[in-house]
Amino acid sequence: MPIPARIETDLPFLTGLRRDLHAHPELGFEEERTSDIVAQLLEDAGIKVHRGLGGTGVVGTLQIGNGTRTIGLRADMDALAMPEMADRSYKSKFTGKMHACGHDGHTTMLLGAARYLAATLDFSGTVHFIFQPAEEGRGGARRMVEEGLFELFPCDAVYGLHNMPGLAVDEIAVVEGPQLASSDSWRVTFRGTGTHGAKPHLGKDPITAAGTFLTSLQTIVGRVVDPLQPAVVSACSLQAGDPKALNVIPDIVEIGGTARAYSPEVRDQLEEEIGRLANGTAAMFGIAVDYQFERRIPPVVNDSDATARALGAAKAVFEGKVRTSFPPSTAGDDFAFFGQNAPGCYVWLGNGPAVDGALHHNTAYDFNDHAIGYGAAFWTTLVERELKAAL
């Protein structure tokens with residue numbers, strides 16, 4: 001099925017909009033300009049708008065006919081706190097802020113779908129267009145849920161879409177089961193007794209303890225977690241001592257990192273095992289330890305029924321270029337909180353080749369404008385197929 005003519009006609013406007021959003025990136029919970037644009041375009045299309053969930057979140061509601069089924073479509077709006085290094089005409093105007101994950105494209109595609117659906121009215125039921133702030137680790141989805149998203153806008157199913165460099169722009173992956181890992185943070189602080197570097201016997205060395213802990217940490221995935229269950233434990237921060245005082249053993253070593261899993265059981269196991277190793281190491285070296293495990297984002301697991309519905313729409317739009325087998329990502333996405341409140345499906349839309357290796361969160365990354373039409377067509381087809389079934 002080709003991209004609908006009305007969407008094709010709208011592509012010049014949508015491309016300009018995407019590039020404008022790219023040039024004006026806003027970080028999580030700061031998407032004031034972006035949410036103003038989103039709300040205005042929804043209102044101009046005749047769609048009812050609710051603002052304020054999650055601070056800068058926007059929800060547009062379009063109810064047509066007497067269909068009783070309701071679905072939610074989600075796009076994230078925030079940018080990342082990083083510089084844009086590539087030189088392009090619509091380069092970020094703000095130092096240290098960049099749309100390096102394609103949320104400018106996600107917002108644009110959902111707006112394109114909303115404009116089309118509001119003009120054609122070819123469905124029966126209710127669709128909520130959910131424009132979410134602060135996906136990039138700042139808790140936007142959780143906050144929207146906590147502030148009543150699904151009480152105000154109950155959904156029989158909820159769908160998310162993310163661009164994927166490496167897949168062609170006319171290609172999509174729709175896969176049942178785990179798609180993204182849980183994303184949790186952990187911190188371990190070893191508290192010893194500082195002393196002269198030449199007299200370690202007079203203190204309790206937390207640096208040696210930290211070295212033992214870091215080596216042991218890698219045994220969790222290799223020797224404790226079921227080898228058929230994917231998991232990641234990484235130490236990403238280590239702070240100890242002063243490089244200007246290389247003859248001083250410090251009192252404290254602070255270590256922090258991330259833990260990733262696809263199942264609640266393995267997630268629990270990682271929390272327990274990191275703590276067990278931290279406490280065991282401290283006991284071995286006769287020092288104190290503080291341990292914190294922060295549960296940030298659950299895994300994204302696609303519901304079987306929602307996936308089947310998304311797959312039907314994908315096959316109608318992308319014909320022979322639909323992947324039903326695609327490896328899950330160890331990255332996280334707080335769409336998981338939406339999926340805990342309604343059957344959910346999260347799909348991967350092609351973004352074309354990763355030019356010069358520019359994958360997500362790379363200073364040279366850019367969303368591929370050629371994907372806009374395909375993404376908007378997927379959203380509109382999903383709505384028309386799923387809500388027509390409710391007639």
Side-chain angles (χ1 to χ4, degrees), residues 27-28 80-82 96 134 136-139 142 180-299 329-334 336 361:
L27 302 182
L80 284 152
M82 57 184 288
E136 295 289 357
R138 299 191 178 196
R142 172 186 280 179
L180 295 117
S182 57
S183 178
D184 300 321
S185 299
W186 56 267
R187 292 175 177 82
V188 171
T189 301
F190 289 114
R191 301 183 183 277
T193 302
T195 185
H196 196 297
K199 302 176 181 180
H201 61 291
L202 298 180
K204 298 286 186 179
D205 184 0
I207 288 184
T208 304
T212 299
F213 169 75
L214 289 170
T215 301
S216 301
L217 199 64
Q218 300 311 313
T219 66
I220 295 176
V221 174
R223 287 295 179 268
V224 178
V225 174
D226 182 341
L228 298 180
Q229 295 291 327
V232 176
V233 177
S234 293
C236 302
S237 175
L238 177 64
Q239 300 181 47
D242 188 332
K244 297 178 182 178
L246 298 182
N247 60 349
V248 176
I249 294 174
D251 293 300
I252 294 175
V253 175
E254 297 177 324
I255 307 170
T258 189
R260 309 289 170 115
Y262 293 111
S263 74
E265 295 78 16
V266 175
R267 192 184 192 193
D268 292 342
Q269 197 172 25
L270 297 184
E271 179 177 3
E272 180 181 352
E273 290 299 322
I274 296 169
R276 183 180 65 83
L277 288 178
N279 285 289
T281 301
M284 184 183 350
F285 285 89
I287 61 177
V289 64
D290 299 327
Y291 172 54
Q292 296 176 318
F293 190 95
E294 180 187 358
R295 295 196 169 219
R296 298 176 57 250
I297 303 173
S329 171
T330 50
D333 191 310
D334 63 1
H361 296 214

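Heavy atoms only: backbone and side chains are in, while hydrogens, waters and symmetry mates are out.
Residue T212 holds its OG1 atom at 12.0 Å from CG of L217, rounded to the nearest 0.5 Å. Distance CG/L27 to CG/L80: 8.0 Å, rounded to 0.5 Å. To the nearest 0.5 angstrom, Q292 atom CD is 7.0 Å from T189 atom OG1. A distance of 6.0 Å separates CG of L180 from CG of D333, quoted to the nearest 0.5 Å. The CH2 atom of W186 lies 7.5 Å from the SG atom of C236; values are rounded to the nearest 0.5 Å. Rounding to the nearest 0.5 Å places CD of E294 at 6.0 Å from CZ of R187.
Looking at I249 and I207, their side chains never come closer than 4.5 Å, going by heavy atoms from C-beta outward. For the pair S234 and T258, the minimum side-chain heavy-atom distance is below 4.5 Å. With a 4.5 Å cut-off on side-chain heavy atoms, V248 and D242 do not count as touching.
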Check the pair D251, R191 against salt bridge (Lys or Arg N to Asp or Glu O under 4.0 Å), reporting the backbone distance first and the verdict last. CA-CA 6 Å; D251 293 300; R191 301 183 183 277; over 6 Å; no

Checking Y291 against I274 for the side-chain contact (heavy atoms from CB on, under 4.5 Å) test, could you report, in this order, the C-alpha distance in whole Å, the side-chain angles of both residues, the deciding distance, and whether it holds? CA-CA 9 Å; Y291 172 54; I274 296 169; 3.5 Å; yes

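T219 contributes no side-chain N or O that, together with a main-chain N or O of G222, makes up a donor-acceptor pair within less than 3.5 Å. With hydrogens and angles disregarded, no donor-acceptor distance shorter than 3.5 Å links the side chain of S182 to the backbone of I297.
The environment of E272 atom CD is sparse: at most 12 non-hydrogen atoms of other residues, nucleotides or ligands sit within 6.0 angstrom.
Looking at D334 and R142, no side-chain N of the basic residue comes within less than 4.0 Å of a carboxylate O on the acidic one, giving no salt bridge.
Shown here for G286 and K204, the closest heavy-atom pair between the two residues is O-CD, 3.9 Å.
Considering R260, R267, R295 as possible partners of D184, the one that fulfils the side chain to side chain donor-acceptor pair (under 3.5 Å) test is R267.
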